[in-house]
Enquirer: 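Input: one structure, supplied below.
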Protein chains: 2
Amino acid sequence: MDFHRPPAIVRSFERLFSLSAEEREHLDRITCAGEEIEPRRKLIVEGKPCRSLHLLTSGWLVESKQLRDGTRQILNLRLPGDVVGIECLAYKNALHSTAALTPCTVTTLSFEQFQEIQRDFPRLAAALFLMTLLEGAILHEWEVNLGRRAAFPRVAHFLLELDRRLHLRGLGIGAAVPFPLTQQEIADCVGLTTPYVNRILQQMRAKGMIELENRLLTIREPALLAKAAGFKPDYIDHWGEGWFGQVLNEPQPD
Amino acid sequence: MDFHRPPAIVRSFERLFSLSAEEREHLDRITCAGEEIEPRRKLIVEGKPCRSLHLLTSGWLVESKQLRDGTRQILNLRLPGDVVGIECLAYKNALHSTAALTPCTVTTLSFEQFQEIQRDFPRLAAALFLMTLLEGAILHEWEVNLGRRAAFPRVAHFLLELDRRLHLRGLGIGAAVPFPLTQQEIADCVGLTTPYVNRILQQMRAKGMIELENRLLTIREPALLAKAAGFKPDYIDHWGEGWFGQVLNEPQPD
DNA sequence: CGGACCATTGAAAGCCGTCAAAACAAGTGG
DNA sequence: CCACTTGTTTTGACGGCTTTCAATGGTCCG
């Protein structure tokens, strides 16, 4: 383990701008009290009141909606460094569930703490806003994936996006990335059934495009797979390079 | 025409809190110079630089992504009162196109003007943030729709959502709502093909659940249709009732 | 060894897409 | 007023992608 590596949340902000000493300190203060959560435990429950935000320090979460017929759709995956549950600011009751997929460590942020940030740390507040814009861009890609791609490119796009998001956070393991999802869960992400996802994955393996075993995913043929999926990672790579991101990097009137 | 009715943008904010005189005035100042846009014209072009926001005063816009094989997915519809192109703050180049579906009147907001709002009108800024959270909730519903519903309930859900969004803005015409979409465009919203959307719509008409003609939609059997679609409008109706919305309504330290 | 969970496989059915072609509507110019 | 064009809705037949429903096998762990 690299003990000099700052926590995931800090790195998440550092991608946008260099934190000042005060900002860094405040983040540390918030993050220091992390709660451990075991898999399957729900952080936020669909339909129930939700009165706080969360910072995900390690582990993966799934956000999902349940349908009456028993099926569910996974809306997005939350990775280390993500801010979780911002929607709660706008609604009394949660619109979807958020549950631990792996063991997680999470820190809770009361609305009052959120307001403190808004008041005292405008750059952090702005970063939170930017993060929800990235979130939106990812959701848009998921819509395209679910609405307009056949099964193979759909799964391919899903894997490529995840691979990229993980590598960008420095969570890669060489060319591989951790991949704790079951095929059932992949199916719930891409709107297919488990058996069919299984068949698609086998096609990919047979063509030598991916390796997926032991909860480790390796994209063997990124170019081929990206071509098949129509994957263009701009929405992940170039996030924060717009006007608002630049403003954050202007010299501080401190 | 009701000349006492404030413009759509103002009503959009008023849903969250009562505008102060200054806030109202600032909005009016921004909105007074509206630009007329004819159908099919693009406000924002996928892949091209985007350097401003827009306020939609009247008419409908579509946000869509183009795929290489010629198909496209419509990501969301923008209705009168919506803020358009917030994503542009986070990216140098647009990730999707935004085009006029009907004749529209739009006012452009430079990033500098946006920053002014952020600095001088914190409640307006907060409202913008809340609006992107509502947007997120709608996108989540679309994901579920695209990923996990069969064609009939999918189209039903789409129609119900639109009906509700329009009525909530006071854009209904009795029990009906304006409905300028072609079946091709409906198909691009719900991830189906035009012929199949046609068949679904005819089923709905045959069952007496909807009327759709002359660009006017009437939901004849809301309960039946909602049941078939699994439609629960909380995400539209109860938006802004959370903690953040309440803070906006606290007495102003003016 | 037993149990739970997950991956894998097969066969059959069906939903939805594909591809035309036709019917219809609306506007345009002669 | 009619011929013509363009865009939208409608219809049909066919094929195939994906689901459904089990059943089998594998793996991990108590």
Side-chain angles (χ1 to χ4, degrees), chain A residues 38-40 62 67 69-74 99-103 145-159 178-206 210-217 228-229, chain B residues 38-40 62 67 69-74 99-103 145-159 178-206 210-217 228-229:
Chain A
E38 70 273 22
R40 309 182 133 250
V62 273
L67 279 80
D69 65 2
T71 63
R72 71 167 180 172
Q73 174 66 39
I74 293 183
L101 185 83
T102 69
N145 214 29
L146 291 164
R148 283 300 184 218
R149 274 196 266 266
F152 188 101
R154 198 187 300 188
V155 174
H157 194 281
F158 174 72
L159 298 180
F179 197 88
L181 295 169
T182 67
Q183 296 184 0
Q184 168 77 262
E185 287 156 343
I186 299 177
D188 286 339
C189 286
V190 297
L192 297 169
T193 56
T194 315
Y196 206 61
V197 165
N198 181 281
R199 284 167 183 133
I200 303 287
L201 289 177
Q202 287 179 51
Q203 288 178 35
M204 290 180 179
R205 284 193 267 245
I210 66 165
E211 277 173 35
L212 177 50
E213 49 185 2
N214 274 332
R215 332 229 106 191
L216 226 60
L217 166 69
Chain B
E38 70 273 22
R40 308 180 133 250
V62 274
L67 280 80
D69 65 1
T71 63
R72 68 167 182 173
Q73 174 67 38
I74 292 182
L101 186 81
T102 69
N145 214 28
L146 292 164
R148 283 300 183 217
R149 273 195 266 267
F152 188 100
R154 196 187 300 189
V155 174
H157 195 281
F158 173 72
L159 297 180
F179 198 88
L181 294 171
T182 67
Q183 296 183 2
Q184 167 77 262
E185 287 156 343
I186 300 177
D188 287 339
C189 286
V190 297
L192 297 169
T193 55
T194 316
Y196 207 64
V197 165
N198 182 279
R199 283 167 182 131
I200 303 286
L201 288 177
Q202 285 179 53
Q203 287 178 36
M204 291 181 178
R205 284 193 265 245
I210 66 165
E211 279 172 34
L212 177 51
E213 48 184 3
N214 272 333
R215 335 229 103 188
L216 226 60
L217 166 70

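Given the structure is predicted, the values throughout are model-derived calculations rather than measurements. So you know, we letter chains A, B, ... as the sequences are listed, proteins then strands, and number each from 1.
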Enquirer: Tell me, do B:Glu185 and B:Cys189 make a side-chain contact under 4.5 Å, heavy atoms counted?
Expert: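 The answer is no, as the side chains (C-beta and beyond) never meet within the 4.5 Å cut-off.
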Enquirer: Starting at CD of A:Gln184 and ending at P of C:dC6, how long is that distance when rounded to a whole Å?
Expert: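 A:Gln184 atom CD is separated from C:dC6 atom P by 8 Å.
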Enquirer: State, to the nearest 10°, the angle formed by the axis through the first five base pairs of the helix from C:dG17-D:dC14 to C:dG30-D:dC1 and the axis through its last five.
Expert: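 The helix from C:dG17-D:dC14 to C:dG30-D:dC1 shows an end-to-end axis angle of 20°.
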Enquirer: C:dC15 P sits how many Å from B:Arg149 CZ, rounded?
Expert: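 Rounded to whole Å, this separation is 18 Å.
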Enquirer: Show the numbers, then the answer: is there a side chain to side chain contact (heavy atoms under 4.5 Å, CB included) between A:Arg215 and A:Thr182?
Expert: CA-CA 9 Å; A:Arg215 332 229 106 191; A:Thr182 67; 4.1 Å; yes
Enquirer: So, A:Arg148 and B:Asp69, do they make that salt bridge, N to O below 4.0 Å?
Expert: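 No, this pair does not count.
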Enquirer: Report the residue (B:Arg148 or B:Arg40) whose heavy-atom-nearest nucleotide on DNA chain D is the more 5′ of the two.
Expert: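 Going by which nucleotide is closer to the 5' end, it is B:Arg40.
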Enquirer: What is the distance from CZ of A:Arg154 to C1' of C:dG17, rounded to the nearest Å?
Expert: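 For the pair A:Arg154 CZ and C:dG17 C1', the rounded distance is 13 Å.
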Enquirer: Whole Å only: how far is the CD atom of A:Glu213 from the P atom of C:dA7?
Expert: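 Rounding to the nearest Å, CD of A:Glu213 and P of C:dA7 are 13 Å apart.
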Enquirer: Compare every heavy atom of B:Pro39 with every heavy atom of B:Thr102, then report the nearest pair and how far apart it is.
Expert: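 Answer, listing the atom of B:Thr102 first, then B:Pro39: C-CG, 3.8 Å.
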Enquirer: Between C:dC16 atom P and B:Phe152 atom CZ, what is the distance in whole Å?
Expert: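 Result: 12 Å.
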Enquirer: In residues 191-206 of chain B, which ones come under 4.0 Å of DNA chain D, going by heavy atoms?
Expert: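 Within residues 191-206 of chain B, the residues near DNA chain D are B:Pro195, B:Asn198, B:Arg199, B:Gln202, B:Arg205.
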Enquirer: Where do B:Arg149 and B:Asn145 come nearest, in terms of heavy atoms and distance?
Expert: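 Of all heavy-atom pairs spanning B:Arg149 and B:Asn145, the closest is NE-OD1, 2.8 Å.
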Enquirer: Pick the closest DNA chain C nucleotide for B:Ala150 and for B:Asn214 by heavy atoms, then say which residue is nearer the 5' end.
Expert: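 Between the two, 5'-proximity favours B:Ala150.
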Enquirer: Determine the minimum heavy-atom distance between B:Val197 and B:Ile186, stating which atoms define it.
Expert: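 Nearest heavy atoms, B:Val197 then B:Ile186: CG1-CG2, 3.9 Å.
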Enquirer: Would you give the length of the straight line joining atom CE of B:Met204 to atom CD1 of B:Ile210, rounded to the nearest 0.5 angstrom?
Expert: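 Spacing of CE (B:Met204) from CD1 (B:Ile210) equals 6.0 Å.
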Enquirer: CZ of B:Arg215 versus C1' of D:dT9: gap in Å, rounded?
Expert: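 To the nearest whole Å, that distance equals 12 Å.
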Enquirer: How close do B:Ala229 and B:His157 get, counting heavy atoms only, and between which atoms?
Expert: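 Heavy atoms only, the tightest pair is CB-N, 3.6 Å.
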Enquirer: How many Å lie between CG on A:Leu217 and P on C:dA7, as a whole number?
Expert: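 Rounded to the whole Å, the gap is 14 Å.
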Enquirer: Once rounded to the nearest 0.5 Å, what's the spacing between atom CG of A:Leu216 and atom CZ of A:Phe179?
Expert: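 Here the interatomic distance stands at 10.5 Å.
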Enquirer: Between P on C:dC6 and CD1 on A:Ile186, what's the gap in Å once rounded to a whole number?
Expert: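 Answer to the nearest Å: 12 Å.
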